[in-house]
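Down below is the structure, laid out as structure tokens.
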Amino acid sequence: MAADRNSSIDYARPIRRLLIAGLVLFLLALFAFWRIDSPRVERMRMQIVDRVVPGFDWALVPVTKTWELIEGFQSYARLAEQNQELRRELRQMKAWKEAALQLEQENAKLLDLNKVRLDPKLTYVTGVVMADSGSPFRQSVLLNVGARDGIVDGWATTDGLGLVGRISGVGRTTSRVILLTDPNSRVPVTIQPSGQRAVLAGDNSTNPALDFVEDPALVQPGDRVVSSGDGGVFPAGLLVGHVALGRDRQLRVRLSAEYDRLEFLRVLRSHAGEVLHDPGALIAPAPIGPVPADSTAEARDD
């Protein structure tokens, strides 16, 4: 019995080694066969794949179904997150709508109380952007409206949403617009709601810098920036953008106008205000010498 057991052990080891060696040789041959770059071998490979792979479809069914189930759960989770996000945005929009309605009603009441008369002459002419002549040293565009359309040098231009620049050079049928991003552009602005005055200075970047801010501590990112009307170049109250903090910790403005898609521009017809050459006609000069007692008594009675 012991001899039979030893003989079986002696036979098993060589057979196992032969099987392992044969398997290794088969795998090496299969690898070499799969790496040979020859049209004939490629056709043989394709025939083998066509015959073997369709027979293993049943084995891939559990893997495919499991993967589809995982993707379904992931899509459901994404839909749930998007639903929650949309609900939050809807609540915020409802709150903003209510605040806008209240502000609109309050503005209407104040205008009615103060008998404010808006300037009806502030109209606009729409022009098509013909060419973009931007360069590393100049940011400007050309419009197809000019002197024949009544365009005057210095008028403000918008894209319907935010301030874009001003007219700088008028021809008969064309005019040039210097953008707010041009290094030569300087626009007086007001930062709301703090009411701080500043100057928007173009520096060839998409987010111009705010200079000469009265009190930077009162300015926060996200504050609204509008034209102040100082200097009489731009009408007051035109939307410019919102305050942003640059990487250099410099206060900048994220412009509301879409500078990457300037197709049509509105040129605002602004008219200079009346200049008072004789202020004495409106303000009475102060009396010289002592005031008579009778006039003082009359003033008190009044």
Side-chain angles (χ1 to χ4, degrees), residues 85 88-111 113-114 116 118-119 122 134 136-140 154-166 168 177-260 262 268 270 272-273:
E85 183 67 23
R88 287 193 295 267
E89 292 181 358
L90 182 60
R91 287 195 297 267
Q92 293 178 357
M93 292 182 66
K94 288 182 178 179
W96 292 342
K97 179 182 178 181
E98 185 64 26
L101 291 175
Q102 293 178 0
L103 290 175
E104 184 179 1
Q105 294 175 0
E106 183 179 357
N107 187 32
K109 292 179 181 178
L110 292 175
L111 291 177
L113 290 175
N114 294 328
V116 176
L118 300 178
D119 187 4
L122 192 59
F137 307 101
R138 189 178 183 88
Q139 298 283 338
S140 64
W155 281 359
T157 61
T158 69
D159 66 344
L161 180 62
L163 187 64
V164 173
R166 60 180 175 85
S168 177
V177 178
I178 295 295
L179 305 180
L180 297 182
T181 56
D182 189 87
N184 296 319
S185 175
R186 298 293 184 272
V187 179
V189 295
T190 301
I191 303 172
Q192 298 174 348
S194 61
Q196 298 294 306
R197 299 297 181 94
V199 174
L200 181 67
D203 55 359
N204 252 342
S205 66
T206 56
N207 299 322
L210 282 174
D211 292 339
F212 308 109
V213 182
E214 294 177 340
D215 190 354
L218 299 178
V219 179
Q220 299 294 329
D223 288 351
R224 196 165 178 263
V225 180
V226 298
S227 59
S228 65
D230 296 338
V233 178
F234 294 100
L238 297 179
L239 178 62
V240 177
H242 295 82
V243 177
L245 192 63
R247 296 181 179 178
D248 54 355
R249 313 303 297 178
Q250 167 78 25
L251 289 176
R252 296 183 173 273
V253 175
R254 186 179 295 108
L255 300 175
S256 297
E258 298 180 352
Y259 277 75
D260 54 344
L262 293 179
L268 301 181
S270 57

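Here the shortest heavy-atom pairing between Ala209 and Gln250 reads CB-NE2, 3.8 Å. The minimum heavy-atom distance linking Glu214 with Gly195 is given by the pair OE1-O, 4.4 Å. Contact between Gly162 and Ala257 at its shortest, heavy atoms only, is O-CB, 3.9 Å.
Between Val189 and Leu210, some side-chain heavy-atom pair lies under the 4.5 Å cut-off. Using a 4.5 Å heavy-atom threshold, the side chains of Gln139 and Asn204 count as touching. Contact check for Thr181 versus Leu255: side-chain heavy atoms found under the 4.5 Å cut-off. Put simply, the side chain of Gln192 reaches to within 4.5 Å of the side chain of Val226, judged on heavy atoms.
Residues Arg252 and Asp203 are paired through a salt bridge, judged by an N-O separation under 4.0 Å between the basic side chain and the carboxylate.
When atom types are taken as modelled, the side chain of Asp159 and the backbone of Glu258 share a donor-acceptor pair closer than 3.5 angstrom. Side-chain atoms of Thr157 never come within 3.5 Å of backbone atoms of Val164 as a donor-acceptor pair (strictly under, hydrogens ignored).
For Glu89, there are no salt bridge (Lys or Arg N to Asp or Glu O under 4.0 Å) partners, not counting sequence neighbours. The salt bridge (Lys or Arg N to Asp or Glu O under 4.0 Å) check on Asp211 picks up nothing, with sequence neighbours excluded.
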Quick one: side chains of residues 230-240, donor-acceptor pairs under 3.5 Å with protein atoms, not counting sequence neighbours, listed by atom name and distance.
| from | atom 1 | to | atom 2 | distance (Å) |
| --- | --- | --- | --- | --- |
| Asp230 | OD1 | Arg197 | NH1 | 3.2 |
| Asp230 | OD2 | Arg197 | NH1 | 2.6 |
| Asp230 | OD2 | Ser228 | OG | 3.3 |

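Between Leu245 atom CG and Asn207 atom CG the span is 11.0 Å, to the nearest 0.5 Å. For the atom pair CG of Leu218 and OG of Ser194, the computed distance is 6.0 Å after rounding to the nearest 0.5 Å. Annotation: the span from Asp223 atom CG to His242 atom NE2 amounts to 9.0 Å, rounded to 0.5 Å. Taking CD1 from Ile178 and OG from Ser185, the interatomic distance works out to 8.5 Å, rounded to the nearest 0.5 Å. Of the inter-residue distances, the one linking Thr206 atom OG1 with Leu180 atom CG reads 12.5 Å to the nearest 0.5 angstrom. Atoms CD and CG, from Glu85 and Leu90 in turn, are 11.5 Å apart once rounded to the nearest 0.5 Å.
Remark: Arg186 CZ is packed, more than 12 non-hydrogen atoms of other residues, nucleotides or ligands lying under 6.0 Å away.
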